[in-house]
Amino acid sequence: MKNVMEAVYNQFMDITKKLENHYRDMQDVEFTIEHGKLWMLQTRNGKRTADSAVKIAVQMVNEGLISKEEAVKRVTTKQIDALLHPQFDPAALKKAKVLTSGVNASPGAAIGQIYFDADTVVEMHNEHKQDCIMVRPFTKPDDVHGMLSANGILTSEGGATSHAAVVARQFGVPCVVGASTAVIDMEKKTLTCGDVVLKEGDWISVDGTTGKAYEGKIAVVTPNIEDMPELNTLLTWADEIADLQVWANADYPRDARRARSFGAKGIGLCRTEHMFFETERLPIVQRMILSKDSAGREAACDELLHFQRSDFDGIFESMSGFPVIIRLMDPPLHEFLPSADELKEKILTLKVSSEYDKNVDLSELPELETMLAAVEALHESNPMMGLRGVRLSIHFPEVVKMQVRAIMEAACDNKLRGLDPHPEIMIPLTGTVNELKYIQPQLEEIAKTVMAEKGVEVDYMFGTMIEIPRAAVTAGEIAEVAQFFSFGTNDLTQMTFGYSRDDAERSFLAEYVDKGILTENPFQHLDRKGVGELMRHAIAEGRKTRPDLKVGICGEHGGDPSSIEWCHVIGNNYVSCSPFRVPVARLAAAQAAIDNPRK
Ligand code: PEP
Ligand code: MG
């Protein structure tokens, strides 16, 4: 146009500049040129892709057209989320056949061949270099190695805070859970969705952003944050505006490094129990559980000490200068042992086969029988409300004592190497201050002993999770002992509503939302009226006792924009979420501050 009608071109450029400056936004204009005369027909704010939304917002600040606050408000958290996760090519998606759908538990697109157990996934991934999708009714802690090797996960049961969902989000593995129309036959190893029957090795595509799974392979487009300078600029402005800091939930040094690269200012939850499932460690953990007395448990814990110390050493090193909250052991012990059914089957097989074949080796039998007795003794009808969290620490203090020693030894070693560790030790599932009064002084004693042994002081704190309604109600008392609070909103939601976090989404929550009984899934978006008010009360009461009480959130809601806004409103200091959700949380924290200025 410039070459063929320069004057009209210059006029057009002047007008569009004027329009963009007037509307302070990118314009979608319609125009025509007739007999050399320019006619402007229409203008409106232009639609844009997520990538362009970020670029336009940043460029408009740089041109002086809008403020940083306006730029931060012009990009939605959904757009950032979409930008950072692999997506299916929209054209290819149109032709794909939907197999099933469920809860969009961990965003991103993945393709792979389906396998039904963790060991096969690991083998296919490591030895045959296959792209795998792990398909199971639900996952358990001993499936984690398979989940880490899989490109994606599909389960037919569970909801947004089920084991599969939490682990997948933390590791950034696309995941759909609770796909209840999918029938998974673990014996035949088939996945049936309507009239399609898939077997091991068949390809599927899983979209954790939308909660859908498709037949076959769909082309994937993968973004890279390093190639997005404008996004980094926008998020730096977001950090300047936000009152809340964004921290990350990370269990391993690799996740901590990733969290830092995404802009996390601390680790808000390191779940130490995941570390106990590694191959060399699990037998020691099982020996500890099976010990008859404290001396036996201590001996097993002594063997675990150096593993834990090296885990923590790496995390402190990657997070030098930043706070790291390490949570002491939380889950019920039976999670570390095989199931009673599995053990019974093994025992029976050994016994029956020995009747037919005198050469069958029965040396394993006594150990299996001891383990079965322990599993039966540990059986609880409702383990999520049973012997776990701080209750376990009081019942079997050996493990948490070892953990505190490992944390403090690693922190002191880091300090002696010239680094700047800030351990914050978190006691889970407190319900009454008396639990803390009983256990915390014993643990503080260990912290002091280690520092004296190492001849160095580190800056450390002891705090607790607020995840039982009674703890929230009595937070004033709890803050007499706890130096910080972190809301465990997965459990707090479960226990406030009385809905099982593992089953509710599969059984009745969707129906409740459909029928308008609930407006949304409270495991994904914080319930402000109930759970949220308990949190507000806990902060107010806690700070009456301890005015400088630092408060965070580390349940799955910590990465959800609406829940982040609530945390800002009630006066949290930070939110903590999986590393992959950190950029979204940074934007959400800034938007919350703009919409709800703190007085
Ligand atoms: C919680 O309950 O919110 C929490 C973070 O702990 P977990 O999910 O490990 O029970
Ligand atoms: Mg919890």
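Counting convention: from 1, in listed order, for ligands and their atoms alike.
Here the N, O or S atom of Asp491 that is nearest to the Mg ion (ligand 2) is OD2. With respect to the Mg ion (ligand 2), Glu467 has OE1 as its nearest N, O or S atom.
Below 30°, between 30° and 60°, or above 60°: for Tyr460 and Phe462 the angle between ring planes is above 60°, a perpendicular geometry. Ring pair Tyr499/Phe523 is tilted by interplanar angle, where 30° to 60° counts as tilted. The aromatic rings of His85 and Phe580 lie tilted to each other, with the angle between the two planes from 30° to 60°.
Proximity of a side-chain donor or acceptor of Glu303 to a complementary backbone N or O of Ile284 within less than 3.5 Å is not detected. Side-chain N or O atoms of Ser563 include none that pairs as donor or acceptor with a backbone N or O of Gly559 at under 3.5 Å.
Interatomic distance, CD1 of Ile289 versus CZ of Phe396, reported as 8.5 Å (0.5 Å rounding).
Residues Glu565 and Arg528 are paired through a salt bridge, judged by an N-O separation under 4.0 Å between the basic side chain and the carboxylate. Under 4.0 Å is where a charged nitrogen must lie from a carboxylate oxygen, and between Lys401 and Glu398 no such pair does. At a threshold of 4.0 Å, the pair Asp255-Arg258 counts as salt-bridged, since one of the basic side-chain nitrogens sits closer than that to a carboxylate oxygen.
Taking every non-hydrogen atom of Leu269 and a distance limit under 4.0 Å, the qualifying atoms of ligand 1 come out as 5 (C). The contact set between ligand 1 and Asp491, taken as ligand atoms under 4.0 Å from a residue heavy atom, comprises 1 (C), 2 (O), 3 (O), 10 (O). Atoms of ligand 1 lying under 4.0 Å from at least one heavy atom of Gly488, given by number and element, are 1 (C), 2 (O), 3 (O). In summary, the atoms of ligand 1 found under 4.0 Å from a heavy atom of Met465, numbered by their order in the structure, are 4 (C), 5 (C), 6 (O). Residue Arg388 approaches ligand 1 through these ligand atoms, each under 4.0 Å from one of its heavy atoms: 10 (O).
Using a non-hydrogen distance threshold of 4.0 Å, His557 does not register as a contact of ligand 1. Within the structure, ligand 1 lacks Gln494 among the residues with a heavy atom less than 4.0 angstrom away. Heavy-atom distances between Met426 and ligand 1 stay at or above 4.0 Å for every pair. Using a 4.0 Å heavy-atom cutoff, Thr489 is listed among the residues neighbouring ligand 1. Residue contact annotation: Glu556 has no non-hydrogen atom under 4.0 Å from ligand 1.
Among Cys554, Pro331, Gly558, the residue whose heavy atom lies closest to atom 5 (C) of ligand 1 is Cys554.
No option in Ile407, Ile446, Leu304 other than Leu304 meets the side chain to side chain contact (heavy atoms under 4.5 Å, CB included) test with Met402.
With a 6.0 Å radius and a threshold of 12 heavy atoms from other residues, nucleotides or ligands, Tyr252 has its OH atom above the threshold.
Of the protein's non-hydrogen atoms, Arg327 NH1, 3.0 Å is the one closest to atom 6 (O) of ligand 1. Of the protein's non-hydrogen atoms, Arg271 NE, 2.8 Å is the one closest to atom 9 (O) of ligand 1.
When non-hydrogen atoms are compared, ligand 1 lies under 4.0 Å from neither the backbone nor the side chain of His163. If you look at Arg501 next to ligand 1, the close heavy atoms, those under 4.0 Å, all belong to the side chain.
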